[in-house]
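In what follows, a single structure is set out as structure tokens and then discussed.
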Amino acid sequence: MLKYTRGDLMFKKFKKNKNTWEDTPTHIYKENPDIFKDVTRQVLFDGAFDLPVQFRYFQVEEGGYSSLEHHEHSHFVMIYKGKGHVLLENEVHEVEEGDILTINSWQWHQFRADRGTLLGFLCMVNIERDRPSYPTEKELEDLRSNKNVPEFLDGKLQKK
Ligand code: MN
């Protein structure tokens, strides 16, 4: 269990022009268009005190996408910058700044910056969590049988 340490302080300024925070490295994912494209990650909070969570900021550049995955652990997500679409299990939703969603156990999910701008989102997870897995051919075929999902996955949803 995490130890509560009295006296620890954390204060970081947000750099509006760059969408980064002070003293917070931006991890650039290796380009792998099969899994994800143009995504960066900043870890804003890495579990401390009585809060066993990680709080991250992901930024998907225009035309990019996060991995299509599922896992046992859940996410709490808030859209922080820009807009795009999210696949949540078998539904596609338009998302923009301020929208919030949860991704529950084993729900398929993917974020796409497919509406003419970047998509930045904050994501909270437990610090202890399982690794994601990716759809099999069969699972992908099942996913594609849902309304709007093929267009979403092929990056062909109408930009609005
Ligand atoms: Mn995930």
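Numbering starts at 1 and runs along the sequence shown. Fair warning: this is a prediction, and the values are worked out from it, not measured in the lab. In listed order, ligands and their atoms are each counted from 1.
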Original post:
Does the side chain of H70 come under 3.5 Å of the side chain of Q107 through a donor N or O and an acceptor N or O?
Top reply: no
**OP:** Output all residues satisfying ring-ring contact (aromatic ring centres under 6.0 Å, His included) with Y57, sequence neighbours left out; order by chain, then residue number.
**Re:** W21, Y80
**OP:** With V95 as reference, evaluate L88, I100, L119 under the side-chain contact (heavy atoms from CB on, under 4.5 Å) test and give the passing residue.
**Re:** L119
Original post:
Between the side chains of D130 and H73, is a donor N or O closer than 3.5 angstrom to an acceptor N or O?
Top reply: yes
Original post:
Protein N/O/S atoms under 2.8 Å from the Mn ion (ligand 1): how many?
Top reply: 4
Subject >> Qualifying salt bridge (charged side-chain N to carboxylate O under 4.0 Å, His left out) pairs with a residue from residues 11-26, counting only residues at least two apart or across chains >> reply: none
Original post:
Who are the salt bridge (Lys or Arg N to Asp or Glu O under 4.0 Å) partners of R41, not counting sequence neighbours?
Top reply: none
